[in-house]
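Naming convention: chains lettered A, B, ... in sequence-line order (proteins, then strands); numbering from 1 in each chain.
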Number of protein chains: 2
Amino acid sequence: MLMTSCILSFVSDESERETTPDRTDSAGDRAPRRRRNPQASRAAILEAARAVFAERGYARATIREIASRAGVTHGLVMRHFGSKEQLLISALPGTQHIPELAAGDPATLPQRIAASFVEQIESSGDHALIALIRSAAAGDEAPMRLYHALERSAAESYRQIFSGPDADVYVDLLASLLIGVTFSRYVAPTGRLAEISAEELIAYLTAAIAALLAPVLPKH
Amino acid sequence: MLMTSCILSFVSDESERETTPDRTDSAGDRAPRRRRNPQASRAAILEAARAVFAERGYARATIREIASRAGVTHGLVMRHFGSKEQLLISALPGTQHIPELAAGDPATLPQRIAASFVEQIESSGDHALIALIRSAAAGDEAPMRLYHALERSAAESYRQIFSGPDADVYVDLLASLLIGVTFSRYVAPTGRLAEISAEELIAYLTAAIAALLAPVLPKH
DNA sequence: GGTTGTAGTGACCAAGTGGTCAATTAGACG
DNA sequence: CGTCTAATTGACCACTTGGTCACTACAACC
């Protein structure tokens, strides 16, 4: 169920600094060669990969476009990551511990879930969930495995917050709602959900989550 | 919002009969040529297209595989439909009038929405919504346009069932839930939602929809 | 300053794609 | 039965893709 970006926080892999200048690539006496800086290259490639995977999904994302955005050649991408699949695995985040949403007042739990979700995904840099949904939807092996791994680990943690025999199902229903909202607002922007402000979205989502989870919410 | 398969009923295009025998294609003295039957060919191609688009999504679906499943050559597919995009448009359903869900007892409206949704998508032949979600998620132009067109027309109709100033948003939230459930159960089968029976799913969905829509449900 | 490991390049490849088209031939019509 | 139309084929094309590799030249180290 993934619990969407509530649980997606980057392990933040590489140093992510952007020392290197963009390459012209079209200019041309032979070699306007990029300054050597393997770490910066890796970071630039990963950042570009996240963006491109989010925009195009796994199948339509091309190594050449990722390389071009990172200001390197596609040969270098292959050198650093070996394959497109490995690049995806490196670019997308691993599961992190579930934020201690359960800690606060149970009455405000829905509000905190909604806010955490919207804020994380709204923060510009975080295209991970969108990329994952896009890519998993395409049906390729690699993203599908990634998706399932994240889902399993996230579900595991979330299941402990709620009680009752049906807890699993309600966790999945909540996840479905969040995935659907992500789809309607970011993947295929559509309807009112794509138009309203983040604050409004949080408000509506809070109400929806509260209603949805009522049967399994911890009693206050 | 699409309201998922509640509103997706095929205009049922072609005659869909399956007179023609499968081709061996590998056997070989020149021409084990298919019996001429353009309507049957079109129908077979469309059926194959629906299945392949649902399994692979637009980007990864290939005309050759569709042709092969339909028992024809990919040249014939091109002849009949002109382009891959046109094939998609022809294969996927147009919006139909919203079934008269609003007619019955308002108290059972959530139950009818849930049942209508699950039954339609569970009926084996109907891969339309899955294909559409897969393809739109991939971000290709053609399926995205199709998706938006369907969404707009469906939202229009559904909006009239509910009342209140926030009706649009709640319609979209419901759609998001259904899209998310479709995703979790069919596109990237995951968690309990992918395991439980159709009857159980309907039961849980009914509860979820009732809770979700409570603020805008017609008073009984 | 020379040596050297390797980051970075760009030409190359095989496979697969959507799309085109001339040639075949099944079937309808006289 | 002969004629003609068009459904169907399969060879073909240009292009893109992921992946390989021999080569270049930057920068660190002695």
Problem set entry | side chain to side chain contact (heavy atoms under 4.5 Å, CB included) partners of A/R79, counting only residues at least two apart | A/L76
For this session: For A/E55, check side chain to side chain donor-acceptor pair (under 3.5 Å) against everything at least two apart and list the hits.
Result: A/R69
Exercise. Rounding to a whole Å, what distance do you find between A/I66:CD1 and D/dT17:P?
Worked result: 11 Å
For this session: Mind checking side chain to side chain donor-acceptor pair (under 3.5 Å) for A/R145 and listing every partner two or more places apart, or none if nothing turns up?
Result: A/E85
For this session: With sequence neighbours left out, write down each residue that passes side chain to side chain donor-acceptor pair (under 3.5 Å) with B/R192, or none if nothing qualifies.
Result: none
Exercise. Roughly, in whole Å, what's the span from NE2 in A/H80 to C1' in C/dA7?
Worked result: 6 Å
Exercise. For B/R42 and D/dA6, what is the distance between atoms CZ and P respectively, to the nearest whole Å?
Worked result: 16 Å
Under 3.5 Å, which protein N or O atoms sit close to an N or O of nucleotides 18-22 of chain C? Give each pair with its distance.
from: C/dG18; atom 1: OP1; to: B/A61; atom 2: O; distance (Å): 3.3
from: C/dG18; atom 1: OP1; to: B/K84; atom 2: NZ; distance (Å): 3.2
from: C/dG18; atom 1: OP2; to: B/I63; atom 2: N; distance (Å): 3.2
from: C/dG18; atom 1: N7; to: B/R64; atom 2: NH1; distance (Å): 3.0
from: C/dG18; atom 1: O6; to: B/R64; atom 2: NH2; distance (Å): 3.4
from: C/dG19; atom 1: OP2; to: B/K84; atom 2: N; distance (Å): 2.8
from: C/dG19; atom 1: N7; to: B/H74; atom 2: NE2; distance (Å): 3.2
from: C/dG19; atom 1: O6; to: B/R64; atom 2: NH2; distance (Å): 3.4
from: C/dG19; atom 1: O6; to: B/H74; atom 2: NE2; distance (Å): 2.8

For this session: Return the value, rounded to whole Å, for the distance between atom CZ of B/R60 and atom P of D/dT17.
Result: 16 Å
Problem set entry | Protein-nucleotide distance (A/N37, atom CG; C/dG5, atom P), rounded to Å | 21 Å
For this session: Flag the pair B/E47 and B/R42 as a salt bridge only when some basic side-chain nitrogen lies within less than 4.0 angstrom of an acidic carboxylate oxygen.
Result: no
Exercise. Once you round it to whole Å, what is the distance between C1' of C/dA7 and CZ of A/F81?
Worked result: 13 Å
Problem set entry | OP1 or OP2 of D/dA7 under 4.0 Å from side-chain N/O of B/S41 | no
For this session: In whole angstrom, give the distance that lies between atom CZ of B/R56 and atom C1' of C/dG16.
Result: 14 Å
Exercise. Among pairs that include at least one residue of residues 36-70 of chain A, which meet ring pair (Phe, Tyr, Trp, His ring centres under 6.0 Å), considering only residues two or more places apart or in two chains?
Worked result: A/F53-A/Y58
